[in-house]
Amino acid sequence: RRYCVLTSSGLEFRPTDREPGIRPSRTFDLTECALVDDDAEAELAGGLKPFAVLLKNGQTQHFACESRAERVKWVAALQ
């Protein structure tokens with residue numbers, strides 16, 4: 001599990017949610033987002049709610065949230 005932090009410059013992936021001072025392991029700028037694919041009916045094992053972000057360079061980043069409400073917030077923020 002990775003934790004994501006949305007900042008003014010982009011999305012940062014962190015190895016833990018306990019130590020905010022740790023340098024992000026990977027990041028992408030919000031201007032790189034081409035499309036956010038949100039299949040509202042999809043569900044993964046453990047009840048996680050998935051969505052994907054297609055970047056302008058053709059890469060796809062996959063994410064999952066613990067609730068539908070949380071997924072709606074992330075999708076809205078990334079669009």
Side-chain angles (χ1 to χ4, degrees):
R1 176 177 275 201
R2 289 185 285 179
Y3 296 88
C4 299
V5 177
L6 188 58
T7 68
S8 60
S9 62
L11 189 71
E12 298 177 350
F13 303 115
R14 298 171 187 243
T16 176
D17 65 343
R18 303 277 183 229
E19 299 175 40
I22 292 177
R23 185 180 176 137
S25 60
R26 202 160 115 191
T27 185
F28 66 83
D29 191 292
L30 294 179
T31 61
E32 296 176 44
C33 294
L35 174 72
V36 179
D37 181 14
D38 175 28
D39 181 356
E41 300 303 315
E43 191 168 303
L44 301 174
L48 294 174
K49 315 302 188 248
F51 67 95
V53 176
L54 177 64
L55 301 177
K56 291 177 182 176
N57 67 5
Q59 290 182 326
T60 301
Q61 300 287 326
H62 297 275
F63 300 93
C65 298
E66 293 181 353
S67 70
R68 289 195 196 298
E70 183 182 8
R71 181 175 61 188
V72 167
K73 288 178 186 178
W74 275 105
V75 169
L78 293 167
Q79 288 181 328

Got a sec, which pairs hit salt bridge (Lys or Arg N to Asp or Glu O under 4.0 Å) with one end in residues 55-65, sequence neighbours left out?
none
Is any side-chain heavy atom of Glu70 closer than 4.5 Å to one of Val72?
no
Cluster check Val53, Val75: I/L/V/M/F/W/Y, side chain < 4.5 angstrom
yes
Can you find a pair of side-chain heavy atoms, one from Glu41 and one from Lys49, that are under 4.5 Å apart?
no
Among all residues two or more places apart in sequence or in another chain, which pass the side chain to side chain donor-acceptor pair (under 3.5 Å) test with Glu32?
none
Test side chain to side chain contact (heavy atoms under 4.5 Å, CB included) applied to Leu6 - qualifying residues, sequence neighbours left out:
Leu11, Leu30, Trp74, Ala77, Leu78
For Thr7, which residues count as a side chain to side chain contact (heavy atoms under 4.5 Å, CB included) partner, sequence neighbours excluded?
Val5, Ser9, Glu12
Heavy atoms only: give me the nearest Thr60-His62 pair and the separation to one decimal.
CG2-NE2, 3.5 Å
Go through the structure and list residues passing side chain to side chain donor-acceptor pair (under 3.5 Å) with Ser8, not counting sequence neighbours.
none
Separation of Lys73 NZ from Ser67 OG (nearest 0.5 Å)
7.5 Å
How far apart are the C-alpha atoms of Glu43 and Leu48, what are their side-chain angles, what is the distance that settles it, and do they pass the side chain to side chain contact (heavy atoms under 4.5 Å, CB included) test?
CA-CA 6 Å; Glu43 191 168 303; Leu48 294 174; over 6 Å; no
Are Phe51 and Phe13 connected in a single hydrophobic cluster, I mean Ile/Leu/Val/Met/Phe/Trp/Tyr linked by side-chain heavy atoms less than 4.5 Å apart?
yes
Donor-acceptor pair, distance only, cut-off 3.5 Å: does the side chain of Arg71 make one with the backbone of Pro50?
yes
Could you tell me which residues satisfy side chain to side chain donor-acceptor pair (under 3.5 Å) with Asp37, sequence neighbours excluded, listed by chain and number?
none
